[in-house]
There are 2 protein chains.
Amino acid sequence: MSIRHAILGFLSWKPFTGYELKGLFADALSFHWSGNSNQIYTSLLELHKAGSVSVEVQQQEKHPARKVYTITDAGRAELREWLLSEPELPVFRSMAQAQLAWSAGLSDGELDGLLASYERQLSDQAIMCRETIRRGSTGPDRSPREKLIWKSINDNRAALYEAELAWTRGLRAKIRKLS
Amino acid sequence: MSIRHAILGFLSWKPFTGYELKGLFADALSFHWSGNSNQIYTSLLELHKAGSVSVEVQQQEKHPARKVYTITDAGRAELREWLLSEPELPVFRSMAQAQLAWSAGLSDGELDGLLASYERQLSDQAIMCRETIRRGSTGPDRSPREKLIWKSINDNRAALYEAELAWTRGLRAKIRKLS
DNA sequence: CAAAGCATGTAAGCAGTTACATGATTGT
DNA sequence: ACAATCATGTAACTGCTTACATGCTTTG
């Protein structure tokens, strides 16, 4: 329900190969499916079988053949239908919070270590996000509206990590005050 | 990797039946696996087979037999190991944002409708969260530390929905200004 | 000479959701 | 009469991850 639509989304810009899509997914930090190329290839095969994309094989001398995928009218219709469908609530899932929830059996030191570890990871991630945004060029940028939307999505992502980081720091301080 | 640990977490408080666990999951808004009883039952069977929980069947006259599950020492060890394991980064997944990302093909009206729909859902959810928190008693409350942690987790959840809501409203306004 | 990049896939498995299946009791 | 509560499970499917499998070229 999701990586397939995202692939159709990228292909709505222009034709791509599976390898190129892999790079797009990795760069577009708005999407978490980084680096998992396998599903892209299998999804492309499925999309092709379903008639949502067409494929052109380009033989190359020095490299394996490239398979360039192009979205079809059926694929465009599918994409449009998804775009207009009722959006779902976002999912915020944090294993660290689940760990915290049942941390009653941990000592103060162990708990603080857990929080410290979570804090560090969030901090790293937030910095990485901001850095990627600063370097610019995440997104298509074909119209002012599209540019605004992609910038907002990236900012939102960074802001979420920062909010989680601030929350973690606050909680850590409060717990330290308790003991 | 997760619902099993959460079940062990609840069972570390006291023994429960599958049905009671189902209620705990639904109430504890910190967890998103609401209402999905099936996996609880299958997970309990697995945990039992693995020796992490023991089970006592209580026959009843007017109702089906209750299977009361109790955590074993092995289960406690498993729980503790998970609690001390390196926390993962939180996952923020928003299908609505993916829809937005490729909304270039939508008209201004269609896009605004999408945002309005997302905004309403977030608003409902945020209100529900706050209301549940206000009614109190989400969490175990056996020590000041535990109480603080559960309150913080619930607040954090509500705050995330509110942040997403504010983001959506802001984006909607900016887009309106563009056109 | 090793690492990174180019380029494609298959197979197995896990977590989680949805649908299917049953059936009595209690409250409105 | 109808819905909700109590109480348990099985089977199929989807989405995603991990491991496996290949092999050539360019850059440091």
### Task
Would you state whether a donor and an acceptor, one from the side chain of N38(B) and one from the base of dT17(C), lie under 3.5 Å apart?
no
### Message
From CD1 of I40(A) over to C1' of dT17(D), roughly how many Å is that when rounded to an integer?
### Response
13 Å
### Query
For DNA chain C, whose closest nucleotide is more 5', that of L45(A) or that of P64(A)?
P64(A)
### Distance, rounded to the nearest Å, where I7(A) contributes CD1 and dC16(D) contributes P
10 Å
### Message
Is K67(B) close enough to dG9(D) that one of its side-chain N or O atoms is under 4.0 Å from OP1 or OP2 there?
### Response
yes
### Task
Would you kindly give the CZ-to-P distance between F25(A) and dC16(D), to the nearest whole Å?
10 Å
### Closest listed nucleotide, where the reference is the side chain of Y19(B) and the choices are dC16(D), dT5(D), dG9(C)
dT5(D)
### Task
Identify, with sequence neighbours excluded, every residue that meets salt bridge (Lys or Arg N to Asp or Glu O under 4.0 Å) alongside R66(B).
E20(B)
### Query
Whole-Å distance between dT17(C) P and Y41(B) OH?
16 Å
### Message
Without decimals, in angstroms, what is the distance between L47(A) CG and dG9(C) P?
### Response
13 Å
### Task
For dA7(C), take OP1 and OP2 only and decide whether either is under 4.0 Å from a side-chain N or O of Q60(A).
yes
### Query
Choosing from dG15(D), dC16(D), dT8(D), which nucleotide comes nearest the side chain of R4(A)?
dG15(D)
### Query
Between atom CD in E46(A) and atom C1' in dT10(C), what is the gap in whole Å?
13 Å
### Query
Where does the angle between the aromatic ring planes of F92(B) and Y161(A) fall among parallel (under 30°), tilted (30 to 60°) and perpendicular (over 60°)?
perpendicular
#### Entry: More than 12 heavy atoms of other groups within 6.0 Å of E81(A) CD
no
### Query
Is the shortest distance from a Lys or Arg side-chain nitrogen in R130(A) or D155(A) to a carboxylate oxygen in the other one below 4.0 Å?
yes
## Note on the structure
Between CZ of R93(B) and P of dT17(C) the distance, given in whole Å, is 11 Å
### Message
Please determine whether a side-chain nitrogen or oxygen atom of S2(B) lies at a distance below 4.0 Å from atom OP1 or OP2 of dA15(C).
### Response
no
### Query
How many Å lie between CD on Q59(A) and P on dC24(D), as a whole number?
15 Å
## Note on the structure
Comparing T42(A) with R66(A), nearest DNA chain C nucleotide closer to 5' gives the residue R66(A)
Distance-only criterion, 3.5 Å: show the donor-acceptor pairs between side-chain atoms of residues 8-16 of chain A and protein atoms not counting sequence neighbours.
residue: S12(A); atom: OG; partner: G9(A); partner atom: O; Å: 2.6

### Query
Any side-chain N or O of S43(A) less than 4.0 Å from the OP1 or OP2 oxygen of dG15(D)?
no
